[in-house]
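Written below as structure tokens is the structure these notes are about.
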Amino acid sequence: MCGRYTLATPLDELVEVFDVGHVAFDSWQPRFNVAPTQTLPVVIRGPDGLRRLGPMRWGLVPFWAKDPSIGNRMINARSETVAKKPAFREAFRRRRCVVPMDGFYEWRARAVEGSKKPLKVPFWIHRPDRRPFGVAGLWERWRGGRKGDADADGAKDVGDADAPLVTFTILTTAASPWMTPLHDRMPAILTDAEATAAWLDPEADAGRLADILKPAPGAFLEAWEVSRAVNRPAVDEADCVAAVGDGERFPTEPGADEPA
DNA sequence: CCAGACGTTGTT
DNA sequence: GTCTGG
DNA sequence: CCAGACGTTGTT
DNA sequence: GTCTGG
């Protein structure tokens, strides 16, 4: 769940929506098909309390890993168990982050008449107003066992060998009733500024954090079928999020808890 | 004790 | 079938 | 998440 | 690094 997303929102809008105080990367381009292992902007709370938007690679590499390829399998963490799992618990305590996106993809299998293999059909899930939102994440810094003394072994590594690899993972939670027809899990969406601030607060208490990681209400999202071209990670263009003409749609859920 | 894993998803 | 890479 | 690879030796 | 399994 949540293995592909979009981030096409302009940088200045991200800065405004996420109250970013420092932008720590240079190049920005709209992304319509973000895949694991790629590097994307993520929000953290810096030591000075200011929020930083910086580049991180998707797929968390724990600080103790010997081989960074473990990150290929650490693209999601279950909210229900993240505090206990060896790969995530330290990051959960000290390195929470917010992953900005303006939509994510889910696939459903569709049987095809006369064919043995069902099609994998992608859907783009997003806010009805298409504004960006944050998802709860964790991040890590990996130095590959290096002690920081590049001279010791003759510093034969190519490039910037001492730059740590910075990685992140996206938390998942149970699907809301609205989401269930599409999937049984969904990303842990931070539905307002207060939840976002609490998630980034190093002092946040466990009860509050658990509360934040509950499924977003159905009124928050809508979804529609998109082209199977999205299946290929190499296809990254605006048409990725265009509704298929005669495709399935999942309109947003009317607010069931609106005041009378 | 040492060795080996450390994760999630979906599908059958 | 299962793992790696994007 | 899906797509694509999945291997070694020796020779140019 | 830390836990689980043998």
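Values reported hereafter were calculated over all heavy atoms of this structure, with side chains retained and with hydrogens, waters and symmetry mates removed. Quick note on labels: first sequence line is chain A, next is B, and so on, each numbered from 1.
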Nearest-Å distance for atom pair [atom1]/[atom2], residues [X] and [N]:
X: A:R232; N: D:dA5; atom1: CZ; atom2: P; answer: 11 Å
X: A:N72; N: D:dA5; atom1: CG; atom2: P; answer: 17 Å
X: A:D67; N: B:dC6; atom1: CG; atom2: P; answer: 14 Å
X: A:F104; N: D:dC1; atom1: CZ; atom2: P; answer: 13 Å
X: A:R108; N: D:dC1; atom1: CZ; atom2: P; answer: 16 Å
X: A:W58; N: C:dT4; atom1: CH2; atom2: C1'; answer: 16 Å
X: A:M186; N: D:dC1; atom1: CE; atom2: P; answer: 16 Å
X: A:Y105; N: D:dC1; atom1: OH; atom2: P; answer: 16 Å

Is there a side-chain contact between [X] and the phosphate of [N], meaning an N or O under 4.0 Å from OP1 or OP2?
X: A:T172; N: B:dT9; value: yes
X: A:R4; N: D:dC2; value: no
X: A:R78; N: B:dT9; value: yes
X: A:R89; N: B:dC6; value: no
X: A:T81; N: B:dT8; value: yes
X: A:N231; N: D:dA3; value: yes

| Stacking check: are the rings of A:W64 and B:dC6 less than 5.5 Å apart at their centres and under 30 degrees in tilt? | yes
| query | Is A:R130 paired with A:D102 through a side-chain N to carboxylate O contact shorter than 4.0 Å? | reply | no
Rounded [atom1] spacing from [N] to [M] in Å:
N: B:dC1; M: D:dT8; atom1: C1'; value: 40 Å
N: D:dT9; M: B:dC2; atom1: C1'; value: 38 Å
N: D:dT11; M: B:dA3; atom1: C1'; value: 42 Å
N: B:dG4; M: D:dG10; atom1: P; value: 31 Å
N: C:dC3; M: B:dC6; atom1: P; value: 12 Å
N: B:dG7; M: E:dG5; atom1: P; value: 13 Å

| remark: Testing C:dG6, B:dC6, D:dC1 for proximity to the side chain of A:W107, the answer is D:dC1
| request: Taking only the side-chain heavy atoms of A:R185 (C-beta and beyond), determine which of B:dT11, B:dC6, B:dT9 contains the nearest atom. | output: B:dT9
N/O donor-acceptor pair under 3.5 Å between [X] side chain and [Y] backbone:
X: A:R45; Y: A:A197; answer: no
X: A:S176; Y: A:G218; answer: no
X: A:R108; Y: A:P181; answer: yes

| query | Any link between A:M179 and A:W124 through a network of hydrophobic side chains (Ile, Leu, Val, Met, Phe, Trp, Tyr) touching at under 4.5 Å? | reply | no
| Side chains of A:K214 and A:S79: does their closest heavy-atom pair fall under 4.5 Å? | no
| query | Do A:V17 and A:T9 have side-chain heavy atoms sitting under 4.5 Å apart? | reply | no
With sugar-phosphate meaning primed atoms plus P, OP1 and OP2, does [X] contact a base, only sugar-phosphate, or nothing at under 4.0 Å between heavy atoms?
X: A:A234; result: nothing
X: A:P36; result: base
X: A:F88; result: sugar-phosphate
X: A:I75; result: base

| request: Take the angle between the ring planes of A:Y105 and A:W107 and call it parallel below 30°, perpendicular above 60°, tilted in between. | output: tilted
| message | In terms of relative ring orientation, are A:W58 and A:F168 parallel, tilted or perpendicular, with 30° and 60° separating the classes? | response | parallel
| note | Pairs under 3.5 Å (Watson-Crick or G-U), crossing ones as [ ], inter-strand ones as |: DNA chain D comes out as ||||||......
